[in-house]
Amino acid sequence: MKGTPCFCEEQGGLLPKEAQLHTVPFHLRPDVLQYSRTFYERKALLRPVHTMQQTASRKTVFLATLAAFVGNGIFGFSFMFSRIALRVAPPFVMLMYRFVIAFLVLNVVALVAKKQKRTDWLRFDIHWRSAGKLVLLGLVQPVLYFLCESYGIDMTNATVSGVIIALIPIVALAAGAAFMGEKPSLMQVLFSLVSIGGVVVMTLQQSAGGAIHPLGVVLLVGAVVCGAAFNIMSRKLSGNFSALERTYVMMLVAAVVFTSLAVIQSNGEPGTLAAPLKAPPFLFSMLYLSLLSSILAFLCLNYAATVLPVSKTTAFCNVTTLLSVFAGVLFLGDGITPVSIVAALVIIIGVFGVQKT
């Protein structure tokens, strides 16, 4: 036998190391211990980032619910800042600056998180070979959603677009039941419909004229599908990727796509791309749209998707419509009617009902 001989009392003499391994219990052998340690280390890397999906505490559920509300609330005010920015810059140029700034700032956040070796929702340790699904998530939201919503609104009017976009929660409920096995209760469905009804009434109060192109309706339906798909995909991916990792790749994909579209839209003229930076209102709007509406809002939504079922995260989508209307009233001088106020209360009741049931 080959190997370095070593003394073994049970055999009364010297034995090679390979033979000595058979004289100790299997689970205590050095080679087995080493394999076991590396095996469990590898297994730990594949362990879901958030095991509280199944056993979430009340505190965790509360924080996730708050995150869903905050994320959609931020989106509610983003429409106002987008309107301000679009007075200065073309759509794709505005979106380019929004997501490029967000991506650059997220790199700093990711470096700090990696240095601290975070293991919670801010963990950052992406294995890029397995990040293909994250790229698909980024294409669905924000890229495809923004494109469908923007052109859909442009080809229809405020009434049609508001009513169709309000359908995201109910479509997400059906998708959650079909693809995640998260069947909503009857009361959750009813309260979701109540909330959608409030959005429809509020939108009708803000009705506007204008031609309705069939392609615009199709694009708005596409936005609804993308909005529901984002919630499903984010929840599915939460088992392997943290909220920060999901948000990081989403901002990366959006920055690349919208920068390319902005260059095409401006015919590659540097002057057109740089012109908005001379306007203080544009810069102020970019701070909100990039830091809050892109980074913080999507971090909140991705964290909420980790903990809450789809029915509860998407219920807050209609809060976006509610706050966007009141932001316009408070800061842009838009009008409001008593019926809109009642509709706002109906939306709140519907959202609250979904969370409690």
Side-chain angles (χ1 to χ4, degrees), residues 39 41-51 53-54 71 92 95-96 98-111 113-114 117-149 168 171-172 175-176 178-182 222-264 290 294-310 313-314:
F39 170 77
E41 285 177 353
R42 293 196 303 270
K43 188 175 180 180
L45 291 175
L46 300 175
R47 188 179 303 158
V49 177
H50 296 287
T51 56
Q53 277 185 249
Q54 288 79 26
F92 290 140
L95 290 172
M96 176 191 74
R98 171 178 175 171
F99 290 109
V100 167
I101 294 172
F103 176 66
L104 293 177
V105 173
L106 263 183
N107 274 280
V108 178
V109 177
L111 286 174
K114 193 164 187 176
K117 298 181 179 179
R118 299 289 293 261
T119 58
D120 55 1
W121 61 286
L122 287 176
R123 189 195 75 172
F124 190 81
D125 186 24
I126 296 179
H127 298 280
W128 291 102
R129 289 184 178 180
S130 59
K133 292 181 179 180
L134 288 180
V135 174
L136 181 59
L137 177 69
L139 288 174
V140 170
Q141 177 73 287
V143 174
L144 288 178
Y145 178 85
F146 274 52
L147 290 174
C148 289
E149 184 186 54
I168 289 179
V171 173
F179 299 106
M180 299 291 294
E182 298 178 352
V224 170
V225 172
C226 288
F230 162 69
N231 286 278
I232 299 295
M233 293 175 67
S234 180
R235 182 149 173 80
K236 278 197 169 186
L237 292 172
S238 66
N240 295 317
F241 300 98
S242 70
L244 176 58
E245 291 168 339
R246 280 171 277 159
T247 305
Y248 180 88
V249 176
M250 287 169 63
M251 296 303 104
L252 169 61
V253 173
V256 171
V257 172
F258 287 121
T259 297
S260 302
L261 293 175
V263 172
I264 295 172
S290 59
S294 296
I295 296 177
L296 182 57
F298 279 116
L299 273 175
C300 286
L301 294 185
N302 281 321
Y303 171 69
T306 303
V307 180
L308 300 176
V310 174
T313 54
T314 55

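Predicted, not measured: the structure shown is a model, and the values here were computed from it.
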### Task
Run the numbers on Trp128 and Leu134 for side chain to side chain contact (heavy atoms under 4.5 Å, CB included), then give the verdict.
CA-CA 9 Å; Trp128 291 102; Leu134 288 180; over 6 Å; no
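- Residue Asn240 comes nearest to Arg123 through the heavy atom pair O-NH2, 3.4 Å, listed as atom of the first residue, atom of the second, then distance.
- Shown here for Val143 and Ala254, the closest heavy-atom pair between the two residues is CG2-CA, 3.9 Å.
- Taking CG of Leu106 as the start and CE of Met251 as the end, the distance is 7.0 Å to the nearest 0.5 Å.
- Residues meeting the ring-ring contact (aromatic ring centres under 6.0 Å, His included) test with Phe146, sequence neighbours left out: Phe99.
- Annotation: the span from Phe241 atom CZ to Ser130 atom OG amounts to 4.0 Å, rounded to 0.5 Å.
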### Query
Where do Ser238 and Arg246 land on the side chain to side chain contact (heavy atoms under 4.5 Å, CB included) test, with the steps shown first?
CA-CA 8 Å; Ser238 66; Arg246 280 171 277 159; 3.5 Å; yes
### Pair Trp121-Thr306, side chain to side chain contact (heavy atoms under 4.5 Å, CB included): steps then yes or no
CA-CA 9 Å; Trp121 61 286; Thr306 303; over 6 Å; no
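- Side-chain contact, Gln141 with Tyr145: no donor N or O sits under 3.5 Å from an acceptor N or O.
- Between Ala304 and Thr313, the closest heavy-atom pair is O-CG2, 3.7 Å.
- Distance CZ/Phe298 to OG/Ser234: 10.0 Å, rounded to 0.5 Å.
- A pairwise comparison of heavy atoms in Ala175 and Ile232 identifies C-CD1, 3.8 Å as the closest pair.
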Side-chain atoms of residues 223-231: list all donor-acceptor pairs with protein atoms under 3.5 Å, sequence neighbours left out, distances to 0.1 Å.
from, atom 1, to, atom 2, distance (Å)
Asn231, ND2, Gly227, O, 2.7

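- The minimum heavy-atom distance linking Arg235 with Val310 is given by the pair CD-CG2, 4.2 Å.
- Once rounded to the nearest 0.5 Å, the distance linking CG of Leu95 with OG1 of Thr259 reads 10.0 Å.
- A distance of 8.5 Å separates CG in Leu252 from CG in Asn107, rounded to the nearest 0.5 Å.
- Atom-to-atom distance recorded for Met96:CE and Phe258:CZ is 12.0 Å, nearest 0.5 angstrom.
- Nearest heavy atom pair, residue Ala262 against residue Phe92, reads CB-O, 3.5 Å.
- Side-chain atoms of Ser290 do not come within 3.5 Å of backbone N or O of Arg98 as any donor-acceptor pair.
- Inter-residue side-chain proximity for Arg118 and Phe124 is flagged as unmet; no heavy-atom pair is nearer than 4.5 Å.
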### Query
Can Phe103 and Val105 be said to form a side chain to side chain contact (heavy atoms under 4.5 Å, CB included), step by step?
CA-CA 5 Å; Phe103 176 66; Val105 173; over 6 Å; no
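- When each of Thr247, Leu244, Leu237 is tested with Asn302 by the rule side-chain contact (heavy atoms from CB on, under 4.5 Å), just one qualifies, namely Thr247.
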